[in-house]
Amino acid sequence: MTQRTAFVTGGTGGIGSAIIRYLASQGHRVATNYRDEAKAEAWRQAMARDGIEAFMVQGDVSDPVACEAMVRALEEKCGPVDILVNNAGITRDTTFHKMTYQQWTDVINTNLNACFNVTRPVIEGMRARKWGRIVQISSINGQKGQYGQANYAAAKAGMHGFTISLAQENAKFGITVNTVSPGYVGTDMVMAVPEEVREKIVAQIPVGRLGKPEEIAHAVAFFTGDQAAWITGANLAINGGHYMGW
Ligand code: NDP
């Protein structure tokens with residue numbers, strides 16, 4: 001397999017860490033961003049203990065100016081980005097009639113606008129080199145909507161609109177653009193949901209359990225391989241059968 005440089009935003013989180021580990025196990029150079037120095041260093045050391053050298057650049061994905069600088073700093077460290085996984089994300093749940101503008105914009109900026117902020121500085125290089133893989137980590141709730149998540153569902157649905165437009169614009173340049181839409185995975189984001197709510201969620205999942213971060217990483221790795229060159233504009237639902245819409 002050709003060694004590529006893979007940049008996974010939010011790589012220090014539950015799903016991001018699993019994606020970093022999976023891509024590293026395939027021989028790729030792996031990189032992520034961070035915001036907090038101390039947290040980043042602890043994460044980097046944990047990766048190093050497992051034999052993974054992860055390059056790290058500071059940057060907030062919701063800030064377009066910081067993202068341009070972040071991508072350039074990353075290129076200095078480990079070369080041009082071949083594989084980009086737009087994974088960083090947050091929730092700020094509340095019903096819409098109680099939602100503040102801040103809760104709305106925080107979620108849109110971090111989940112959706114981040115796709116512009118991080119992809120824009122890498123796309124021209126991918127087009128020039130005639131190879132690239134871009135994967136958006138969306139969500140089941142972008143596909144079906146969710147009570148208390150108008151901000152998050154709007155951002156996550158928007159991410160797939162981004163995917164299918166970018167896929168069309170860049171197909172002739174050897175670049176594929178796809179979306180992975182996970183259902184409920186047992187990371188900090190979901191473990192922060194009250195236990196009784198989580199139990200109700202699990203009861204709705206035909207497979208009968210939360211997903212594992214590695215199961216999402218496996219799908220991302222599938223999309224980023226050379227053999228996936230004819231798959232573009234797809235939205236792969238990985239949710240234990242929780243939502244089977246088209
Ligand atoms: P985590 O909360 O474990 O990780 C989120 C990551 O995103 C962290 O590394 C966090 O860094 C980073 N991040 C958040 N905001 C920013 C920002 N403004 N700038 C830079 N980095 C930021 O979440 P998960 O691993 O569970 O989720 C990963 C993705 O998967 C998200 O997009 C989420 O919406 C999506 N998803 C998750 C599901 C689940 O069940 N867990 C289900 C469906 C989709 P920091 O430590 O600095 O906060």
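Both ligands and their constituent atoms are indexed starting at 1 by order of listing.
- Heavy-atom neighbours of Glu53 CD from other residues, nucleotides or ligands within 6.0 Å: at or below the threshold of 12.
- The closest approach between Pro213 and ligand 1 stays at or above 4.0 Å for every heavy atom of the residue.
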Item to complete: Step by step, work out the salt bridge (Lys or Arg N to Asp or Glu O under 4.0 Å) result for Asp82 and Arg133.
Response: CA-CA 6 Å; Asp82 306 303; Arg133 295 285 183 270; over 6 Å; no
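- The distance from ligand 1 to the heavy atoms of Tyr184 drops below 4.0 Å at these ligand atoms: 40 (O).
- Taking any N or O of Tyr152, backbone or side chain, at least one lies under 3.5 Å from an N or O belonging to ligand 1.
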Item to complete: Verify side-chain hydrogen bond (donor to acceptor under 3.5 Å, both in side chains) between Gln3 and Arg29, making sure each step is shown before the conclusion.
Response: CA-CA 7 Å; Gln3 187 187 47; Arg29 268 183 303 276; 2.8 Å; yes
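- In Val190, the part holding a heavy atom less than 4.0 Å from any atom of ligand 1 is the side chain.
- Close approach of ligand 1 to Ile90 (heavy-atom distance below 4.0 Å) involves ligand atoms 14 (C), 15 (N).
- Within 6.0 Å of CZ in Arg129 there are more than 12 heavy atoms belonging to other residues, nucleotides or ligands.
- A donor-acceptor pair under 3.5 Å is absent between the side-chain atoms of Ser138 and the main chain of His160, judged by distance alone.
- There is no protein heavy atom closer than 4.0 angstrom to atom 10 (C) of ligand 1.
- Counted within 6.0 Å of NZ on Lys212, heavy atoms from surrounding residues, nucleotides or ligands total 12 or fewer; the atom is thus considered open.
- Of all the heavy atoms of Thr110, the ones lying under 4.0 Å from any atom of ligand 1 belong exclusively to the side chain.
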